[in-house]
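These notes concern the structure reproduced below.
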Amino acid sequence: MSALLQPELLAQAALDAVQIPLQAAQRGRSMAQLALGGAARFEPWRHYPAHDARDLAHGTQFYFHAHEEPRGPGEHGHFHLFLRDLEPGCFHHLIALALDPVGRPLRWFSTNGWVTGERLLPAQALLPALRGFALGQRGRLAPVARWLQALVRLHIDDIERLLLARDARLAQESALRPLDQVLEDRGLALLGHSEIDLMQRIHALQAKRSNPEGDKHETDDQIVAAALAGTAVGRPGPGRRPARPGGGQCLAGRQSGRGAGL
């Protein structure tokens, strides 16, 4: 568990990570369905929302999509999360988050440059923004943004390790051929992954929390405990099926707009 965030922020992240999917489940929705933003139909490869969800205040961005065939065991679809303007006019892939068929987080994974068409920055240039990561939206996507923000904050250490491992893999590959070729290699897409056990992460957070001010945090702890004992995170309510979404210095200098979005 990262010691980089204040305990209050981690506690709120734990609450959001559990409560937001539970509230969606009470309405018969999963987080994957919420990510469609009200779209009437699913199209593989299409971004949801159509032009991505951007938080201009914090310089962050995300979209959800899925492929005809899953890109990992048990995967239903995935989010891509970005940072913007660490270099003027550029976007930088931070991490991707895979969901299972009922909308629960499965794993984090990192990608090669061609996958999203990003301007790829080394991990050390991304880590300060990761540690201060915030993501906000209005309207239908507001709970999705808060949920993604919560998951990132709960897994900062894991994401940091993935970014550093990504750089190590790219350095290894670029020792054998030019880096530009490595970043465009369609046979090299995924550069690392980390499985998610959200309940274990939250239990670990609860175990580490102290309560020096009496009952100040009692209500929050009771909410988390009750949520952990209740409906599975993101599981649709009775009679509803989760619909597969129907519908610093740069390592590389190119900025090609949207990539394939693995």
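All values below were derived from every heavy atom in this structure, side-chain atoms included, with hydrogens, water molecules and symmetry-related copies excluded.
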| So, Asp158 and Arg201, do they make that salt bridge, N to O below 4.0 Å? | yes
| query | For Phe133, which of Leu81, Ile156, Ile95 qualifies under side-chain contact (heavy atoms from CB on, under 4.5 Å)? | reply | Leu81
| note | Looking only at heavy atoms, the pair that brings Ala24 and Leu34 closest together is CB-CD1, 3.6 Å
| message | How close do Ala150 and Ala13 get, counting heavy atoms only, and between which atoms? | response | CB-O, 3.3 Å
| message | So, taking the atom named CG in Leu170 and the one named CG in Leu120, what distance separates them when rounded to the nearest 0.5 Å? | response | 6.0 Å
| Is the closest side-chain heavy-atom distance between Met199 and Val18 below 4.5 Å? | yes
| Side-chain contact, heavy-atom cut-off 4.5 Å: Trp114 with Leu183? | no
| query | Given the rule in the side chain to side chain contact (heavy atoms under 4.5 Å, CB included) test, do Thr111 and His93 qualify, once you have shown the distances and angles that lead to the verdict? | reply | CA-CA 8 Å; Thr111 60; His93 190 250; 3.2 Å; yes
| field | Gln181 side chain to Asp185 side chain, donor-acceptor N/O pair below 3.5 angstrom | value | no
| task | Go through the structure and list residues passing side chain to side chain contact (heavy atoms under 4.5 Å, CB included) with Arg140, not counting sequence neighbours. | result | none
| remark: d(Arg84 CZ, Leu94 CG) to nearest 0.5 Å is 13.5 Å
| Run the side chain to side chain contact (heavy atoms under 4.5 Å, CB included) check on Gln12 and Arg153 step by step: do they pass? | CA-CA 10 Å; Gln12 185 61 53; Arg153 289 179 173 180; over 6 Å; no
| field | Distance in Å, His155 NE2 paired with Leu97 CG, rounded so as to fall on 0.5 Å steps | value | 9.0 Å
| For Ala35 against Tyr48, the heavy-atom pair lying closest together | O-CB, 3.6 Å
| field | Stepwise side chain to side chain contact (heavy atoms under 4.5 Å, CB included) check, Asp100 with Glu75 | value | CA-CA 5 Å; Asp100 73 7; Glu75 181 181 319; over 6 Å; no
| note | When rounded to the nearest 0.5 Å, the distance separating OG of Ser30 from CG of Leu99 is 8.0 Å
| task | List for me each residue that meets side chain to side chain contact (heavy atoms under 4.5 Å, CB included) alongside Asp55, sequence neighbours excluded, and say none if there are none. | result | Ala57, His58, Thr60, Leu135, Gln137
| field | Test side chain to side chain contact (heavy atoms under 4.5 Å, CB included) applied to Leu188 and Glu173, step by step | value | CA-CA 10 Å; Leu188 186 62; Glu173 294 286 339; 4.0 Å; yes
| Could you give the distance from CD (Gln172) to CG (Asp167), rounded to the nearest 0.5 Å? | 12.5 Å
| query | Do Tyr63 and His47 make the cut of ring centroids closer than 6.0 angstrom? | reply | yes
| Glu118 CD to Asn112 CG distance, which is reported to the nearest 0.5 Å | 8.5 Å
| message | Looking at every heavy atom in both Ala123 and Leu164, which two are closest together, and how far apart are they? | response | CB-CD2, 3.8 Å
| query | Do Phe64 and Phe79 pass the ring-ring contact (aromatic ring centres under 6.0 Å, His included) test, and can you show the C-alpha distance, the side-chain angles, and the key distance before you say yes or no? | reply | CA-CA 4 Å; Phe64 180 79; Phe79 289 94; 4.9 Å; yes
| Exercise: identify the closest heavy-atom pair between Gln61 and Asp52 | NE2-OD2, 2.8 Å
| query | Is the ring centre of His65 less than 6.0 Å from the ring centre of His80? | reply | yes
| query | Is there a chain of hydrophobic side chains (I, L, V, M, F, W, Y, each step under 4.5 Å between heavy atoms) that links Leu106 to Leu190? | reply | no
| field | Leu151 to Leu198 - nearest heavy-atom pair and separation | value | CD2-CD1, 3.9 Å
| task | For residues Phe91 and Leu86, determine if any side-chain heavy atom of one lies less than 4.5 Å from a side-chain heavy atom of the other. | result | no
| request: Check Met31, Arg27, Gln26 against Arg29 for a side-chain contact (heavy atoms from CB on, under 4.5 Å) and give me the one that passes. | output: Arg27
| request: Determine whether the aromatic ring centres of His193 and Trp108 lie less than 6.0 Å apart. | output: no
| said: Does Arg177, at its CZ atom, have more than 12 non-hydrogen atoms belonging to other residues, nucleotides or ligands within less than 6.0 Å? | reply: yes
